[in-house]
Amino acid sequence: MKLKNQKDLDKIRSIYADSLKHETKKILVCAGTGCVSSGSLDIFDRLTELLKERNIKCSVELEKEPHGDSVGVKKSGCHGFCEMGPLVRIEPQGWLYTKVQLSDCEDIIDKTIINGEHIERLAYQKGGKVCKKQDDIPFYKKQTRLVLEHCGHIDSTSINEYLGMGGYKAFEKALFEMSADEIINEISESNLRGRGGGGFPAGRKWSQVKRQTAEQKYVVCNGDEGDPGAFMDRSIMEGDPHRMLEGMMIAGLACGASEGYIYVRAEYPLAVSRLRTAIDQAKELGLLGDNILGTDFSFNLHINRGAGAFVCGEGSALTASIEGKRGMPRVKPPRTVEHGLFNMPTVLNNVETYANVPLIINKGAAWYKSIGPENSPGTKAFALTGNIENTGLIEVPMGTTLREVIFDIGGGMRGGGEFKAVQIGGPSGGCLTKEHLDLPLDFDSLKKAGAMIGSGGLVVMDDKTCMVEVARFFMNFTQNESCGKCVPCREGTKRMLEILERIVDGKGEDGDIDLLLELADTISATALCGLGKTAAFPVVSTIKSFRDEYEAHIYDKRCPAGNCQKLKRIEIVPELCKGCSKCSRICPVGAISGKIKEPFVIDQSKCIKCGACLESCAFHAIKEN
C-alpha cells in the first residue's frame with residue numbers, strides 16, 4: 001500500500017498505534033548481534049512455539065486489524081547490557097530477565113505471561129538485591145537513552161511498530177511545515193555536533209551543501225565504525241534502523257539531495273539485513289522513492305558494504321570506496337561538502353548523528369540544548385568494554401564524568417582491580433587516567449586533555465594492564481590499517497611499531513622514548529588525512545601519563561604490570577627448592593640445571609618463559625616475577 005499524502009500517513013500511524021494497545025503483554029527478545037550469538041533467536045522461536053501450544057494468541061508482527069488482545073513476541077534491538085545476555089524484557093511490567101536459556105522459556109510463559117509471576121532467578125542481582133525492573137539496575141539508572149530509546153523496546157524489523165510509536169513524524173513535519181532553511185536553522189540552533197569523532201557542527205555542514213548550485217547532491221551515512229571495541233552505530237542500525245533513515249531523509253530535504261548512500265562494513269551482516277528490510281518497507285509505503293506523499297520531493301537510499309578498511313572511516317576515502325575505487329583519502333580542499341561523492345556536494349555524517357535529527361525536529365533545538373553542556377549538547381552513546389564489571393552499550397548526557405561512567409554505570413573494576421586508565425576514541429583517541437576521572441566527557445574538555453571522543457569506544461584498564469603493550473596494540477592496528485598513500489603514515493607508523501615491539505621484547509634502548517615522540521610529532525604534522533594525524537595519539541598519551549613504565553621496560557628490562565612475556569623472569573627460590581630435578585627434566589629447552597638434593601638454577605638466557613616448570617614444582621619453589 002502506497003501512502004499518497006499526509007492524511008494517509010496520519011491514518012496508518014493511528015491504526016498501528018491502536019494495534020500496539022492490543023498487545024497487552026510483550027516479550028521483547030534481544031536480537032542484537034551479542035545476544036544472537038548467545039542463542040536469543042532460538043529463545044524467540046521457543047517462546048512463540050510455547051504460546052501456540054497453550055492456545056494463547058501471540059503476534060510476532062504488528063497486526064493492522066487486531067482481533068482481540070494478544071501477547072506480542074518481538075525481536076528487539078540491543079538492550080545494552082550485553083554481558084548479561086541473552087536478555088528478555090517483559091512488558092508492561094518492565095521486567096528484565098538476564099542470561100536466559102532455552103530451558104527457561106516454559107517458566108517465562110507459564111509463570112510470567114500466564115500467572116503474572118516474577119522469576120527471581122532470572123533477574124539481575126547484585127549484593128543480595130534483586131532488580132526486577134530494567135530501570136532498577138545500576139547499569140541503566142544514570143543513563144539517558146534518547147537515541148537508543150527504541151533499542152530493546154520495539155520490534156527492530158517492523159516499520160509498522162515504528163509508525164505506531166510516532167515514527168516519521170519529524171520527516172512529516174519537515175516535509176509539510178518547514179522550509180529547507182528552517183530545517184537547517186533548527187539543526188544549527190541545536191548545536192548538534194557530529195558523533196563520528198570530529199564533532200563538526202552538523203547544521204554548518206548542511207548549510208554548506210545547500211549553498212552549492214550543483215543539480216545533484218548526495219546524503220551519505222558513515223556506518224563503517226572501525227574502532228576496536230566500538231559497536232554504537234551497529235546497535236542503532238540493528239535496533240532502530242528507521243530512526244536513522246528518517247534523519248537521512250530530513251537531511252536530503254534540507255540540502256536538496258535526492259540520493260542517499262549508507263556505507264556499512266561487511267562484518268555487520270545483521271545491520272545490513274535490517275537496513276535492507278527497513279528500506280524495502282519504506283519504499284513499499286511510499287516513504288522512499290519518487291514524489292513522496294504526493295510532494296515534489298524524491299529520495300532513494302542505497303547500501304554499500306565496505307571491506308573493513310579502517311581508513312574508509314575518513315570521508316574522502318569512504319566516498320572513493322562507494323564509487324568503486326580503492327579507499328584512499330585525498331588532499332583537501334576541496335571539501336566533501338563541495339566535491340564529495342561522484343564529485344558532487346555531499347552531506348556526510350555518521351549513524352548516531354542522523355539518529356539525533358528526528359528528536360531535534362520533533363522537540364526543538366531549545367529542548368536539545370537543555371541536555372549537556374552548551375558547546376556539546378545532547379547525549380552520546382559509548383561502548384563500554386575492558387576490565388570493568390558491567391560491559392555493554394550505554395548512552396549518557398554529554399558532560400557526564402568519567403567517574404560516573406566507570407564506577408556508577410560500569411560498576412567499577414572487575415575482580416577487585418584498581419582503575420588505571422581508559423582508552424577513549426580507539427586508535428585515534430588518547431589515554432585518560434585517575435587524574436581525569438572527574439573530567440566531563442564532551443568534545444572540548446577531551447580535546448584539552450589531549451584525547452577525543454572518537455566514535456565512542458571506552459576500553460577500561462586496571463592495574464594489571466601494561467600501558468606500553470596497549471600503545472603497541474593500537475599502533476599495530478593503525479599500521480596494518482594504513483592505506484599507504486602518504487609516507488608519514490605508511491613509514492612513520494611502521495618505525496614507531498618497530499620501536500614499541502623492541503621495548504616490549506626487552507630490547508629497548510636509551511633514546512627510544514624521545515625518538516617515539518619525535519616521530520609522533522612528524523606524523524601528526526605531515527600525514528595526509530585525519531586518521532594519520534591522530535595515529536600516534538595512544539603512544540603520546542601513554543608516554544605522557546606512564547613514562548615510568550616505558551623507562552622500566554627499557555632500562556630495568558622489567559614490565560611493572562607483569563604482562564610482557566619476554567620481560568618475565570622465572571626464578572627458583574633456593575630456600576624452597578628440594579633439588580628433586582623434576583623441573584629440569586620437564587624444561588623443553590634445557591634452561592634448568594643443578595645437582596640432586598641441592599637448589600637448581602634457571603639460565604635466563606635460555607628460558608623461554610613457557611611456565612612448564614611452574615606447574616611441575618610440587619614445593620612451590622619456582623616464582624614468576
Side-chain angles (χ1 to χ4, degrees), residues 228 386-387 413-418 420-421 423 431 459-477 479-480 494-513 515-516 538-539 542-543 546-625:
N387 304 113
M413 296 299 99
R414 177 171 287 166
E418 184 181 343
K420 186 172 186 178
Q423 178 71 19
C431 191
V459 183
V460 182
M461 295 165 276
D462 63 11
D463 53 354
K464 298 180 183 67
T465 306
C466 173
M467 301 313 296
V468 185
E469 169 56 25
V470 167
R472 189 211 62 80
F473 170 83
F474 281 110
M475 185 53 64
N476 181 61
F477 176 86
Q479 209 284 315
N480 285 336
K494 189 175 183 181
R495 297 287 85 81
M496 291 186 76
L497 178 59
E498 287 171 353
I499 295 168
L500 290 165
E501 286 178 337
R502 279 199 291 101
I503 293 174
V504 298
D505 282 350
K507 300 174 183 175
E509 302 170 0
D510 187 27
D512 277 350
I513 297 175
L515 184 53
L516 282 170
V539 179
T542 51
I543 290 176
F546 300 98
R547 191 183 185 106
D548 58 331
E549 287 199 26
Y550 280 82
E551 291 174 345
H553 282 71
I554 294 168
Y555 301 116
D556 302 335
K557 306 304 178 188
R558 177 179 61 87
C559 174
N563 271 357
C564 296
Q565 186 70 17
K566 293 188 179 180
L567 287 177
K568 289 180 179 178
R569 286 180 65 89
I570 298 177
E571 297 175 316
I572 297 174
V573 181
E575 294 80 9
L576 299 177
C577 181
K578 306 298 182 183
C580 70
S581 81
K582 186 176 181 181
C583 58
S584 176
R585 286 181 277 117
I586 205 167
C587 178
V589 293
I592 305 176
S593 61
K595 295 180 180 180
I596 297 296
K597 295 187 178 180
E598 292 184 14
F600 277 60
V601 293
I602 299 175
D603 185 342
Q604 296 297 328
S605 65
K606 293 181 180 179
C607 179
I608 59 172
K609 287 87 174 174
C610 66
C613 57
L614 281 166
E615 297 170 6
S616 69
C617 183
F619 307 103
H620 307 293
I622 304 176
K623 307 294 182 183
E624 185 178 73
N625 299 310

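- With hydrogens and angles ignored, the 3.5 Å screen pairs a side-chain donor or acceptor of Asp603 with a backbone N or O of Ser605.
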Practice task
Take Ser581 and Phe600, measure what side-chain contact (heavy atoms from CB on, under 4.5 Å) needs, and give me the verdict at the end.
Solution key: CA-CA 7 Å; Ser581 81; Phe600 277 60; 3.5 Å; yes
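- At a threshold of 4.5 Å between non-hydrogen side-chain atoms, the residues Met413 and Val460 count as touching.
- Counting non-hydrogen atoms of neighbouring residues, nucleotides and ligands closer than 6.0 angstrom, the NZ atom of Lys609 exceeds 12 such neighbours.
- Considering only residues two or more places apart in sequence or on other chains, Gln479 meets the side-chain hydrogen bond (donor to acceptor under 3.5 Å, both in side chains) condition with none of them.
- Summarising the geometry, atom CG belonging to Leu500 is positioned 10.0 Å from atom CG belonging to Asn476; distances are rounded to the nearest 0.5 Å.
- Rounded to the nearest 0.5 Å, atoms NZ (Lys420) and SG (Cys431) are 9.0 Å apart.
- Across all their heavy atoms, Lys606 and Ala591 have their closest contact at CB-CB, 3.7 Å.
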Problem - Audit row: Val601, Ile572, side-chain contact (heavy atoms from CB on, under 4.5 Å) steps and yes/no - result: CA-CA 6 Å; Val601 293; Ile572 297 174; 5.7 Å; no
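- Using a 4.5 Å heavy-atom cutoff, the side chains of Tyr550 and Thr542 are in contact.
- Of all the heavy atoms in Cys580 and Ile596, the pair that sits closest is O-CD1, 4.2 Å.
- Between Phe546 and Val470 the shortest side-chain heavy-atom distance does not fall below 4.5 Å.
- The minimum heavy-atom distance between Val504 and Cys564, with the atom names listed, is O-CB, 3.7 Å.
- Taken from CE in Met461 to CD in Glu469, the straight-line distance is 11.5 Å, to the nearest 0.5 Å.
- The pair Glu549-Arg558 does not meet the salt-bridge criterion, since no charged nitrogen lies less than 4.0 angstrom from a carboxylate oxygen.
- Rounded to the nearest 0.5 Å, atoms NZ (Lys507) and CG (Leu567) are 11.0 Å apart.
- Between Cys583 and Cys617, every side-chain heavy-atom pair lies at or beyond the 4.5 Å cut-off.
- Counting heavy atoms from C-beta outward, Cys613 and Ile592 have side chains that approach closer than 4.5 Å.
- Of all heavy-atom pairs between Ile608 and Pro588, the closest is CD1-CG, 4.2 Å.
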Practice task
Mind running side-chain contact (heavy atoms from CB on, under 4.5 Å) on Tyr555 and Asp510 for me, showing each step along the way?
Solution key: CA-CA 8 Å; Tyr555 301 116; Asp510 187 27; 2.6 Å; yes
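- Taking all atoms of both residues into account, the shortest heavy-atom contact from Met475 to Val539 is CE-CG2, 3.7 Å.
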Problem - Test log, rule salt bridge (charged side-chain N to carboxylate O under 4.0 Å, His left out), inputs Arg547 and Glu551 - result: CA-CA 6 Å; Arg547 191 183 185 106; Glu551 291 174 345; 3.5 Å; yes
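- Taken to the nearest 0.5 Å, the CD atom of Glu598 stands 10.0 Å off from the SG atom of Cys577.
- Put simply, the side chain of Gln423 reaches to within 4.5 Å of the side chain of Pro538, judged on heavy atoms.
- The main-chain N or O of Glu509 is found under 3.5 Å from a side-chain atom of Asp512 such that the two form a donor-acceptor pair.
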Handout entry: From CA spacing to verdict: side-chain contact (heavy atoms from CB on, under 4.5 Å), Ile503, His553
Key = CA-CA 6 Å; Ile503 293 174; His553 282 71; 3.5 Å; yes
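- Using a 4.0 Å cut-off between charged nitrogen and carboxylate oxygen, Asp462 and Arg414 do not count as a salt-bridge pair.
- Atom CD1 in Ile554 sits 4.0 Å away from atom CD1 in Ile513 (nearest 0.5 Å).
- In this structure, Ile570 and Lys623 have side chains that are not in contact, with every pair of non-hydrogen atoms separated by 4.5 Å or more.
- In this structure, Lys557 places its NZ atom where more than 12 heavy-atom neighbours from other residues, nucleotides or ligands lie under 6.0 Å away.
- With a 4.5 Å cut-off on side-chain heavy atoms, Glu624 and Arg569 do not count as touching.
- A 6.0 Å sphere centred on NZ of Lys582 holds no more than 12 heavy atoms belonging to other residues, nucleotides or ligands.
- Residues Asp505 and Lys566 come closest through the heavy atom pair OD1-CD, 3.5 Å.
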